[in-house]
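Okay, structure first, notes after.
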Amino acid sequence: MRIGELSRRTGVSRRLLRYYEDQGLLVSVRADSGQRHYSDDHVRRVELIRAFLAAGLSTRTIAEMVPCMAEPSTSKARRALVTMERERNRLSSAIDSLAVARAALDDLIAFNRNYLDEQTGSPVAH
């Protein structure tokens with residue numbers, strides 16, 4: 001299938017599919033005319049790429065897992081698992097940091113509301 005058909009079947013723009021190729025996430029077969037051609041396997045690959053992106057992984061990280069997507073094996077699946085667990089730990093750390101920042105901001109908001117309440121004599125609307 002050509003890039004337009006892959007775009008239609010996956011809901012991903014042609015421009016984004018070309019970007020995935022540039023990042024090494026997809027590999028098409030080129031016709032003599034230079035047109036990209038894809039197989040049905042590419043539909044599933046694009047779905048996996050979209051799932052990994054939705055999970056917060058970068059295209060660089062997804063590229064680390066391309067060998068497992070292209071030709072799955074136990075050893076490649078283990079390497080992909082290590083990558084996914086590393087990314088999960090990274091996300092957990094970011095979530096923890098954001099929770100600390102939110103708590104600090106909540107304290108500052110409470111301090112500001114108390115000040116305004118004292119100055120105006122009435123509670124500030126939330």
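Gln119 CD: more than 12 foreign heavy atoms inside a 6.0 Å radius. Shown here is Arg90, whose CZ atom has more than 12 heavy atoms of other residues, nucleotides or ligands within 6.0 Å. Atom CZ of Arg113 is surrounded by more than 12 heavy atoms from other residues, nucleotides or ligands within 6.0 Å. Environment of CZ in Arg18: crowded, with over 12 heavy atoms of neighbouring residues, nucleotides or ligands closer than 6.0 Å. Arg30 CZ: more than 12 foreign heavy atoms inside a 6.0 Å radius.
Arg45 contributes no side-chain N or O that, together with a main-chain N or O of Val27, makes up a donor-acceptor pair within less than 3.5 Å. At distances below 3.5 Å, not a single donor-acceptor pair connects side-chain atoms of Thr61 with backbone N or O atoms of Leu57. For Thr120 (side chain) and Ser122 (main-chain N/O), a donor-acceptor pair under 3.5 Å exists by modelled atom type. A donor-acceptor pair is defined here as one N or O able to donate and one able to accept, closer than 3.5 Å; no such pair exists between the side chain of Ser93 and the backbone of Asn89.
Here the CG atom belonging to Asn112 is positioned 9.5 Å from the CG atom belonging to Asp117, to the nearest 0.5 angstrom. In this structure, the separation between CG on Leu17 and CG on Asp22 is 11.0 Å, given to the nearest 0.5 Å. Here the CE-CG distance, from Met84 to Leu91, works out to 13.0 Å after rounding to the nearest 0.5 Å. Put simply, CD1 on Ile109 and CG on Asn114 are 12.0 Å apart, with the number rounded to the nearest 0.5 Å. Here OG of Ser7 is found 13.0 Å from CZ of Arg15. Values are rounded to the nearest 0.5 Å. Residue Ser39 holds its OG atom at 6.5 Å from CE of Met1, rounded to the nearest 0.5 Å.
Nearest heavy-atom pair, Leu26 versus Tyr38, reported as atom, atom and distance to 0.1 Å: CD1-CE2, 4.4 Å. Taking each heavy atom of Ala63 and Gln23 in turn, the nearest pair found is CB-O, 4.0 Å. Nearest heavy atoms, Val66 versus Gly24: CG2-O, 3.6 Å. Between Phe52 and Met69, the shortest heavy-atom distance links the atoms CE1-SD, 4.2 Å.
Using a 4.5 Å heavy-atom threshold, the side chains of Ile62 and Thr83 count as separate. Counting only heavy atoms from C-beta outward, the side chains of Arg102 and Asp106 approach each other to under 4.5 Å. A heavy-atom distance below 4.5 Å is found between the side chains of Arg50 and Leu16. Under the 4.5 Å side-chain criterion, counting only non-hydrogen atoms from C-beta, Arg36 is in contact with Glu21.
In summary, Arg8 and Glu5 engage in a salt bridge, as defined by a charged side-chain N under 4.0 Å from a carboxylate O. Salt-bridge check for Glu64 with Arg86: passed, with a basic side-chain N closer than 4.0 Å to an acidic carboxylate O. A salt bridge is defined here as a Lys NZ or Arg NE, NH1 or NH2 lying under 4.0 Å from an Asp or Glu carboxylate O, and Arg44 with Glu47 meets this definition.
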> Could you go step by step and tell me if Asp40 and Arg9 meet the side chain to side chain contact (heavy atoms under 4.5 Å, CB included) rule?
Replying inline: CA-CA 10 Å; Asp40 288 333; Arg9 289 180 59 183; 2.8 Å; yes

>> Assess the residue pair Val12 and Tyr20 against the criterion (side chain to side chain contact (heavy atoms under 4.5 Å, CB included)); give the C-alpha distance rounded to whole Å, side-chain angles, the decisive distance to 0.1 Å, and a yes or no.
In response: CA-CA 10 Å; Val12 174; Tyr20 291 167; 4.1 Å; yes

>> Leu53 vs Thr59, test: side chain to side chain contact (heavy atoms under 4.5 Å, CB included). Steps then yes/no.
In response: CA-CA 7 Å; Leu53 289 168; Thr59 55; 4.1 Å; yes

